[in-house]
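Naming: A, B, ... by sequence-line order, numbering from 1 per chain. Every heavy atom of this structure was used, including side-chain atoms; hydrogens, water molecules and symmetry mates were not.
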Protein chains: 2
Amino acid sequence: METLTIGKLAKRVGVSTDTIRFYERCGLIETAARSESNYRLYSEDDALRLRFIRRAKSLGFTLAEIGELLVLSSDPAATKADIKARATKKIDKIRHRIRDLTRIQAGLEQLVAQCDGHGSVDDCPILEALSGEHAQHNRSNH
Amino acid sequence: METLTIGKLAKRVGVSTDTIRFYERCGLIETAARSESNYRLYSEDDALRLRFIRRAKSLGFTLAEIGELLVLSSDPAATKADIKARATKKIDKIRHRIRDLTRIQAGLEQLVAQCDGHGSVDDCPILEALSGEHAQHNRSNH
DNA sequence: CTACACATTGGACCATGGACCATGGTCAAG
DNA sequence: CTTGACCATGGTCCATGGTCCAATGTGTAG
């Protein structure tokens, strides 16, 4: 089996060497084997694992969630239902976030629609709305 | 004019005293006047300004952006177009973020749809997709 | 042999928006 | 006078996902 130094692995996968060491510190990848001169040695399996992380990240999973997925993926007692539940939960979170953003967008659009965009800011309807003429635009989100 | 200590102001507006001091450090609110005993002293105007910040935040503006809005709002040379441009730019950013999230959501939904949710993770289509059937011709297993 | 590229470590730093802490001064009530 | 609530400062810490750094060792090409 071909062994890779951290730099080769990084290039092959498309991440930085710092990122690989960071993932190792986080426990996302196992502590690598070492050469005589204490260099980390990797295999193609490690490249696969890093690509897995990259793809999961692009689907919105956090590193912590990816860690869970990786644990499950090598747990003989884990079920497809476990994985599916994680993905479904993530979808729910994203849906929620989209709803929040959509509400915010609507609020801003309403303000923008009220502003003709001419003249000084003295009577800007956007600023007036923020200054709280009608002070009860309640329930902040985060 | 009634003067408020930081605690009273915080309660009135619904933020913490830490938050008010933090905003002062950031330059979002002016350095407060001080009492003989070095206590910060605030007026109703400060309460208005803090509420402005609270509302703008709930509309998705960052503190830096809110700072700009506040500068514009007291700049005689500023125009409604300036404010409107800020709001429109923010809408664009939000729209973009929503598009990203929607794409991610669609990707996840597609994966979830492929998984029947029964049995061990050995042949989980979600994990298989993340493991990169696209990127690698060689699916070694043993 | 001499460069130069690459590897190692631990730690500091980035943005964001505050929360929390210790230590010490101030103020009002009882 | 004492107690407890409030205020001051400057500092650290949180999550997130890394990046950058210095000092030092190693591998390789010319």
Side-chain angles (χ1 to χ4, degrees), chain A residues 3-29 31-42 46 49-70 90 93-94 97 100-101 104 140-142, chain B residues 3-29 31-42 46 49-50 52-70 90 93-94 97 100-101 104:
Chain A
T3 63
L4 304 163
T5 59
I6 195 168
K8 307 258 189 204
L9 176 63
K11 208 153 286 173
R12 190 163 299 202
V13 175
V15 300
S16 74
T17 58
D18 275 328
T19 298
I20 295 174
R21 291 195 198 94
F22 176 70
Y23 287 170
E24 182 181 310
R25 276 204 298 284
C26 293
L28 236 49
I29 58 181
T31 56
R34 296 300 180 112
S35 73
E36 296 242 330
S37 53
N38 201 32
Y39 283 17
R40 287 175 180 82
L41 296 176
Y42 297 97
D46 295 305
R49 200 175 174 93
L50 281 175
R51 288 199 193 92
F52 180 101
I53 295 171
R54 207 160 49 72
R55 292 202 184 85
K57 232 160 56 63
S58 78
L59 281 174
F61 289 101
T62 65
L63 295 188
E65 290 163 339
I66 293 169
E68 287 183 43
L69 289 178
L70 285 167
K90 175 53 71 174
K93 275 192 210 162
I94 292 172
R97 183 83 184 115
D100 282 350
L101 288 173
I104 289 171
S140 72
N141 45 356
H142 195 59
Chain B
T3 63
L4 304 163
T5 58
I6 196 169
K8 307 256 190 208
L9 176 63
K11 207 153 286 174
R12 188 162 303 200
V13 175
V15 299
S16 74
T17 58
D18 275 328
T19 297
I20 295 174
R21 291 194 198 94
F22 175 69
Y23 287 172
E24 183 180 311
R25 275 205 298 282
C26 294
L28 274 179
I29 58 181
T31 56
R34 298 297 180 116
S35 72
E36 297 243 329
S37 53
N38 201 33
Y39 284 16
R40 287 174 179 81
L41 296 176
Y42 297 97
D46 295 305
R49 199 172 174 94
L50 281 175
F52 181 100
I53 295 171
R54 205 160 51 72
R55 291 200 187 87
K57 232 160 56 64
S58 79
L59 282 174
F61 288 102
T62 65
L63 294 187
E65 289 164 341
I66 293 168
E68 286 183 42
L69 289 177
L70 285 167
K90 175 54 73 176
K93 275 191 212 165
I94 292 172
R97 183 86 185 110
D100 283 349
L101 287 173
I104 289 171

Could you state the atom-to-atom distance from [atom1] of [X] to [atom2] of [N] in whole Å?
X	N	atom1	atom2	value
A:Asn38	D:dG27	CG	C1'	14 Å
A:Tyr23	D:dG18	OH	C1'	8 Å
A:Phe22	C:dG11	CZ	C1'	14 Å
A:Leu4	D:dG27	CG	P	16 Å
A:Arg25	D:dG18	CZ	C1'	9 Å
A:Arg54	D:dG17	CZ	C1'	16 Å
A:Lys57	D:dT16	NZ	P	13 Å

Open item on the list: For the CZ atom of A:Arg40 and the CG atom of A:Leu9, what is their distance to the nearest 0.5 Å?
Closed with: 11.0 Å
Open item on the list: I need the A:Ser16 OG to A:Ile6 CD1 distance, nearest 0.5 Å.
Closed with: 8.5 Å
Looking only at side-chain N and O atoms, does [X] come under 4.0 Å of OP1 or OP2 in [N]?
X	N	result
B:Arg40	D:dT9	yes
B:Arg21	C:dG17	no
B:Thr19	C:dA19	yes
A:Ser37	D:dG25	no
A:Thr62	D:dT16	no
B:Ser16	C:dA19	yes
B:Lys8	D:dC6	no

Open item on the list: Quick one, B:Asp46 and B:Leu50 - any side-chain contact, counting heavy atoms below 4.5 Å?
Closed with: no
Task: Residue pair A:Phe22 / A:Val15, side-chain heavy-atom distance below 4.5 Å - done: no
TODO: Please report the shortest heavy-atom distance between B:Ala32 and B:Leu41, naming the atom on each side.
DONE: CB-O, 3.8 Å
- [ ] Identify whether any heavy atom of A:Ser35 sits under 4.0 Å from a base atom; if not, whether one sits that close to sugar-phosphate; answer base, sugar-phosphate or nothing.
- [x] nothing
Task: 5' precedence on DNA chain C between A:Asp18 and A:Tyr39 (nearest-nucleotide basis) - done: A:Tyr39
Task: Residue closer to the 5' end of DNA chain D, B:Thr5 versus A:Phe61 (nearest nucleotide) - done: B:Thr5
TODO: Hey, which sits more toward the 5' end of DNA chain D by its nearest nucleotide, B:Lys11 or B:Glu24?
DONE: B:Lys11
Open item on the list: Nearest to the side chain of A:Arg34, heavy atoms from C-beta on, is which of D:dT19, C:dT8, C:dG18?
Closed with: C:dT8
